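Just so it is clear, the structure is predicted and the values come from calculations on it, not from any experiment. Computed from heavy atoms alone, side chains included, the values below leave out hydrogens, waters and symmetry copies.
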Amino acid sequence: MTTDTHDLTAADTTPRWGLRGWLVLITLCGATLMTGLDYSIITVALPEIGRDLGFFSAPALQWVATACLLPTAALMPLFGRASDMVGRRRLFVIGVAAFSVFSLLAGLAPTPGLLVTARAGQGVAAAMIGPTALALMTGTFPEGPQRTRALGVNGALLSLGFVVGTIGGGLITSGLNWRWTMLILFGIGVLVMTGAVTVVRETAVRGRARLDVPGALLASGGLFALVYGISTGGAAGWGSLPTLATLTAAALLLGAFLAVEARHAAPLVPLRLLRRRTVKWGMTVGLVTFGMCGGATLLLSIHMQDVLGYTPLQTGLGFLGEGVAALVAGSFAAKMISTRGTAATIVTGLTVQAAGTAAMVFLPAQGGLVLLLATSATMGFGHVLTVVAAVTTITSGLGEADQGVAGSLAQMPTFVGAVGVAGLTAIAAVRTEALASAATEASATLGGLHAAFLVAGAVALAGALVGGALLRRPAPAA
């Protein structure tokens, strides 16, 4: 068996990667797991961080999480294009090194300001890692069964990172202290860096085009404003002046970005990519599955803690079903895509996700652990099926020079999907308030959660019907 993955053709029905292929996959997926762990593992530790470092308010403490999220979302398109110009492996190595250093600084930070600064540095580094890891993966593994299986493993670990981070954050903060959540990320970063410099190879020739500076500024500013507005809108009020101003600015900046890209000789994101049916509808499907699954997962956490009275650690363990299902789905997705195609897999995945989410309306005010594990596992299984099929759809049929940009586009729904989280949270809050006068606090909260679960299931089902139909349409003749 050869150790060079490039010797294997896409016609192979069974992926045979050899030793180096497995090491490359472990390295790239390790980077994905590392950045996936980052958000959930720190979220569980926020209360202890606030007490230890003396954060003066809950909004200020929330910046420990938000400071990492915003630059990741805002800078991903920039680094996706930059990777095609300066080299994907080079930018990947820089990103992993920076993430490791900032994780160490975050773990040692003596003051709130230094911690938030280090978290912002982690976010910038994660924006380098995301598109380059995916582009290196699609460049290393040929289109077909090999790439699909690799993307399946990557998608499973991306979802598993949340569960592992939630459980690990609870265990670490209970047995050690919050600083170890960051120091563990530093250790993972060192291992990923070892693989990056020893087994990962460059997969594309560097382009000679100049960087589209106006497009980069407009895209970064627009995405920053969009994610910031979505992230803070719930607390500030969706009708408040700051929220409306931020979201309006996002719309204006992103609109200007599209206008500039249409006229630029070497655009940051070529509009021909956004016009591709597979790209635009693949991203739409990704937005639906991430928004509805992310929102339902957050509401499940509220159900476990505010209704059932679970501790943070018990809440993390409550997501074990979703984590195990994600691993199984990552392996199953490759086989299903190979036999039935990406469109059918998307329809199946979103339908399963819709069924699991809608069934959460039967979650009771007491007990119901088996139902909780079963519904969250069903939702997680369908979600990972959909994610793998959507990423495969977006990155397939593209030239090597576009894989960096495609990698950033494929990951944008992960962050823009926060709009779904905000929407479901708002629905739950409105329904809870309507029930508050005639029910106990726990019953009113549960009623609000049930309403949001039904909406999430309905949106996922609509995504299955519309997305599947549009992606099944034959492509127009060239």
Side-chain angles (χ1 to χ4, degrees), residues 35 63 66-88 90-92 94-95 98-99 102 116-135 206-233 241-275 279-280 283 287 394 401-419:
T35 54
W63 273 102
T66 307
C68 182
L69 175 66
L70 290 176
T72 305
L75 297 175
M76 195 166 281
L78 170 62
F79 288 128
R81 173 52 78 192
S83 70
D84 292 329
M85 298 172 61
V86 304
R88 296 166 192 165
R90 174 181 293 183
L91 195 60
F92 177 73
I94 293 172
F99 189 91
F102 282 117
V116 171
T117 301
R119 292 287 295 157
Q122 285 179 304
V124 174
M128 298 182 191
I129 294 171
T132 52
L134 191 56
R206 299 177 199 171
R208 295 183 179 180
R210 286 187 174 184
L211 182 64
D212 174 15
V213 176
L217 293 175
L218 290 170
S220 298
L223 288 170
F224 185 96
L226 177 62
V227 177
Y228 178 79
I230 293 170
S231 301
T232 60
L241 181 59
T243 300
L244 292 176
T246 303
L247 295 178
T248 300
L252 292 174
L253 289 169
L254 292 175
F257 166 72
L258 293 176
V260 168
E261 297 303 272
R263 294 172 174 82
H264 201 282
L268 186 76
V269 179
L271 295 189
R272 58 181 171 77
L273 289 184
L274 295 179
R275 294 190 187 105
V279 172
K280 64 183 178 182
M283 291 181 67
L287 180 63
I394 293 169
D402 289 326
Q403 288 296 338
V405 177
S408 66
L409 294 177
Q411 298 200 46
M412 284 310 302
T414 308
F415 304 98
V416 182
V419 69

Check [X] against [Y] and note the closest heavy-atom contact, atom names and distance.
X: Pro413; Y: Met283; value: CG-O, 3.6 Å
X: Phe92; Y: Ile129; value: CE1-CG2, 4.0 Å
X: Gln122; Y: Phe99; value: O-CD1, 3.6 Å
X: Val124; Y: Pro71; value: CG2-CB, 3.8 Å
X: Pro131; Y: Met128; value: CD-O, 3.9 Å

Q.
Is there a side-chain contact between Thr35 and Thr72 in this structure, where contact means two heavy atoms from C-beta onward sitting under 4.5 Å apart?
A.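 No, their side chains stay 4.5 Å or more apart.
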Q.
Any heavy-atom pair between the side chains of Phe79 and Thr132 that's under 4.5 Å?
A.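 SC-SC contact between Thr132 and Phe79 ruled out.
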Q. Roughly how far, to the nearest 0.5 Å, is CG of Leu241 from OG1 of Thr246?
A.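 The distance works out to 9.0 Å.
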Q) About how many Å separate NZ of Lys280 and CD1 of Ile394, when rounded to the nearest 0.5 Å? A)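 Result: 13.5 Å between the selected atoms.
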Q) Do Leu223 and Met412 pass the side chain to side chain contact (heavy atoms under 4.5 Å, CB included) test, and can you show the C-alpha distance, the side-chain angles, and the key distance before you say yes or no? A) CA-CA 10 Å; Leu223 288 170; Met412 284 310 302; 3.6 Å; yes
Q: Applying side-chain contact (heavy atoms from CB on, under 4.5 Å), name anything that partners Ala250, two or more places apart in sequence or on another chain.
A: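 Scan of Ala250 (side-chain contact (heavy atoms from CB on, under 4.5 Å), adjacent residues dropped) gives Ala225, Leu226.
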(Q) Run the side-chain contact (heavy atoms from CB on, under 4.5 Å) test against Leu218 and tell me which residues pass, sequence neighbours left out. (A)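 By the side-chain contact (heavy atoms from CB on, under 4.5 Å) rule, Leu218 matches Leu253, Ala256, Phe257, Val260.
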Q: Could you tell me whether the side chain of Arg263 and the main chain of Ala259 form a donor-acceptor pair under 3.5 Å?
A: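 Flag set: sc Arg263 to bb Ala259 pair under 3.5 Å.
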Q. Hey, is the main chain of Leu75 close enough, under 3.5 Å, to the side chain of Ser220 for a donor-acceptor pair?
A.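 No; judged by distance alone, with no hydrogens or angles, the pair does not exist.
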